[in-house]
Number of protein chains: 2
Amino acid sequence: MVRFPDGERPAPTLEDVARRAGVSRATVSRVVNGATLVAPDTVKSVQAAISDLDYRPNRAARALVTRRTGVVAVVVPEANERVFNDPFFPQAYHGALQGFGNSDVQVVLAIAQPGDPADRMLRYLDSGHVDGAIVLSHHGPALATALARMAIPVVFVGDPETPGLPFVDLDQVDASRQATELLIQRGHRRVATITGPLDMAAGRRRLQGFRDALTAAGLEPGPIEVGDFTQASGRAAAARILASGADFDAIFVANDLMATGALYTFGEAGLRVPDDVAVIGFDNAALAEQSSPGLTTMTNPADELCRVAAEMLIKTLAGVPVTSVILPSHPVLRGSV
Amino acid sequence: MVRFPDGERPAPTLEDVARRAGVSRATVSRVVNGATLVAPDTVKSVQAAISDLDYRPNRAARALVTRRTGVVAVVVPEANERVFNDPFFPQAYHGALQGFGNSDVQVVLAIAQPGDPADRMLRYLDSGHVDGAIVLSHHGPALATALARMAIPVVFVGDPETPGLPFVDLDQVDASRQATELLIQRGHRRVATITGPLDMAAGRRRLQGFRDALTAAGLEPGPIEVGDFTQASGRAAAARILASGADFDAIFVANDLMATGALYTFGEAGLRVPDDVAVIGFDNAALAEQSSPGLTTMTNPADELCRVAAEMLIKTLAGVPVTSVILPSHPVLRGSV
DNA sequence: AATTGTAAGCGCTTACAATT
DNA sequence: AATTGTAAGCGCTTACAATT
């Protein structure tokens, strides 16, 4: 027996709608699910009954028979604070929502909590809560393979470097080559770089593009310093280059946050940008526009990456096979080069 | 008939566990739900069967009979970008997660998208997706009353100013009085303020506390300028005060973001803080620590507010009546007073 | 009295049958 | 052939009966 708390009327069911419209439950179900094999007049009277009763399908009942929850997750395997302070994520989330658009799925943000073991998130994702997931992957293949082992389909944003896993990524090597070529075209011959962490694909590939451009131009790389994508690390890396006394007239910095750090250090050292040193960043973050001089940088459209990933996930859930997508990047010219 | 995609084995059900353990479905259900009226030996063998089969209850089936989804929402009726750039929100979200702790509910972040009409979120919340919601309320009573009309219980963080709706809030008036009293105690007699927007409860009440403190001390209020909680508005309001030529030796600014804006303006005008003008903010945001001089401010613990709200929602869902909670605030002394 | 099982039912979808 | 209905079943929980 089911009891209802006082004052709460049970929500109308398919049965109620069917009775009011004078048809069977099956017919109502067909109308609700947009089937075309219902007579137009029947559709009309069922829709009237639905709106009269303010009927809304019971998700649990539907999920039980369809074996679909109607929920997808946007997974951010990062500690809380980081997520909310990195402008990449709101953009990414917004893009994902756009991508799911009218698909009638509920989008859940799953953010790893600081101190949470990785398997807590895996357990959540693999417990029937969600039908599929988009993973903002900025980590190595360990988490990726674990995610891939799950029963639900997953699309990665950022190459997880694991065969067989569908992903959307920027052409990191090409983008970095473009950035470096831009410096070379402007006549710079001693080009330095501040890289991202080299245990991340984005870190390694942006360094690769840098090297490729110089090799193609017959130039030797200038000083190379490793950063970790934080502003502080950009500041420190720039300081190390200056302290080394190495000669350089331009620098490719693997993200905008580090690039603004480098701008700060150069400013303190009395170097003029771009006259004494040209600087190009990566990401086209909001701060690239705000810095002084404006930071020339490469686009890295988090929203578009996620929009495409969402579309891929929808296809996958519909049984349509998908292949990974590589998006192009282009330079945004401001004052720093 | 139900078909399974090739290669996918159907997940084990209660039935499977029951068979393996040699008991009925009902008994397995009792063990799964932690009932105490099962014989210890039975519990043991059922648990063994569960772990052998890696059984996990089907949420949809459970939800269908219990009429509970096991999902609660943290609702942020704010545009996307704002949310992710305001440090209040990660703190709040983290606190909510803490509050739900081990309660085995799934927490969903529902963030209004820019351009979304308010009823889109209402429809979502009222469509059986969630059992209840915490709403980070920084808006007037219009949204609050709409939310309160829904079938699910809602707890507000921030007084929605609508009778009968449970909320958690800071004692805004008392906190602002404390802040202003601190300035008076330090010997200041001409105390100005930059308020928040006066269509927000927090804006009005912080102004009220300011007035109360001055009245109690027998002092006239100094210049009063209205801001909108952004840094730019703090800068502009401070400039207006300076331009007015009004006399003042201290200022209470209704949030830290505006206070740092005011610090900037005072710095540009050659005023020394705290010697020429003492400044106290509100929120104890991260930037209060980073500014120079460090900003003296009032605590406004988003995480704790949300933790308490989560606990209230859990109680409400369990049928336990709750009453609104007002949390105290205290000053954090740094260099600006 | 303590423990377990039986059976109904939650609200849907969908294969198949029946009707027009 | 187009439209509709019948009835089974998805995987649980829980009132009540039955058993020890």
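Just so it is clear, the model here is predicted, and its values are computed rather than measured. Convention: sequence-line order gives letters A, B, ...; per-chain numbering from 1. Values below: all heavy atoms of this structure, side chains included; hydrogens, waters and symmetry mates excluded.
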Novice: B:R59 CZ to D:dT13 C1': how many Å, rounded?
Specialist: 15 Å
Novice: Starting at CZ of B:R19 and ending at C1' of D:dC12, how long is that distance when rounded to a whole Å?
Specialist: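 Rounding to the nearest Å, CZ of B:R19 and C1' of D:dC12 are 15 Å apart.
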Novice: Could you tell me the separation between the CZ atom of B:R67 and the P atom of C:dC10, rounded to a whole number of Å?
Specialist: 8 Å
Novice: Can you name the residues that form a side-chain hydrogen bond (donor to acceptor under 3.5 Å, both in side chains) with B:E15, not counting sequence neighbours?
Specialist: B:R25
Novice: Report the distance from atom CD of A:E15 to atom C1' of C:dT13, rounded to the nearest whole Å.
Specialist: 14 Å
Novice: Produce the list of close N/O pairs, under 3.5 Å, pairing protein atoms with atoms of nucleotides 3-6 of chain C; give distances to one decimal.
Specialist:
| unit_1 | atom_1 | unit_2 | atom_2 | d |
| --- | --- | --- | --- | --- |
| C:dT4 | OP1 | B:T42 | OG1 | 2.4 |
| C:dT4 | OP2 | B:A39 | N | 2.8 |
| C:dT4 | OP2 | B:T42 | OG1 | 3.4 |
| C:dG5 | OP2 | B:S24 | N | 2.8 |
| C:dG5 | OP2 | B:S24 | OG | 3.0 |
| C:dG5 | OP2 | B:T27 | OG1 | 2.7 |
| C:dG5 | N7 | B:R30 | NH1 | 3.3 |
| C:dG5 | N7 | B:R30 | NH2 | 3.4 |
| C:dG5 | O6 | B:R30 | NH2 | 2.4 |

Novice: Are any of the side-chain heavy atoms of A:D131 and A:I152 separated by less than 4.5 Å?
Specialist: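 Contact flag for A:D131/A:I152 side chains = no.
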Novice: Shortest non-hydrogen contact from B:L165 to B:F156?
Specialist: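 The pair with the smallest heavy-atom distance is CD1-CE1, 3.6 Å.
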Novice: May I have the distance from A:L64 (atom CG) to C:dT14 (atom P), rounded to whole angstrom?
Specialist: 12 Å
Novice: Test of understanding: with salt bridge (charged side-chain N to carboxylate O under 4.0 Å, His left out), list the residues that count as partners of A:R307, not counting sequence neighbours.
Specialist: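 By the salt bridge (charged side-chain N to carboxylate O under 4.0 Å, His left out) rule, A:R307 matches A:E311.
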Novice: Quick one: stems for DNA chain D, with Watson-Crick or G-U pairs under 3.5 Å, at least three in a row?
Specialist: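 Stem list for DNA chain D: C:1-20 with D:1-20.
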Novice: So what does A:S29 touch, heavy atoms closer than 4.0 Å: a base, only the sugar-phosphate, or nothing?
Specialist: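 Counting heavy atoms under 4.0 Å across all strands, the contact made by A:S29 includes a base.
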Novice: Rounded to the Å, how far apart are A:L14 CG and C:dC10 P?
Specialist: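 After rounding, the gap between these two atoms is 13 Å.
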Novice: Side chain of A:D303, backbone of A:H94: donor and acceptor closer than 3.5 Å?
Specialist: no
Novice: Go through the structure and list residues passing side-chain contact (heavy atoms from CB on, under 4.5 Å) with A:A73, not counting sequence neighbours.
Specialist: A:V75, A:L125, A:V130, A:A133
Novice: Could you pull out the closest heavy-atom pair between A:V154 and A:P166, with the gap in Å?
Specialist: O-CG, 3.4 Å
Novice: Partners of B:D54 by salt bridge (charged side-chain N to carboxylate O under 4.0 Å, His left out), sequence neighbours excluded?
Specialist: B:R56
Novice: Heavy-atom distance under 4.5 Å between the side chains of B:I134 and B:V157, does that happen here?
Specialist: yes
Novice: Whole Å only: how far is the CG atom of B:N58 from the C1' atom of D:dG9?
Specialist: 13 Å
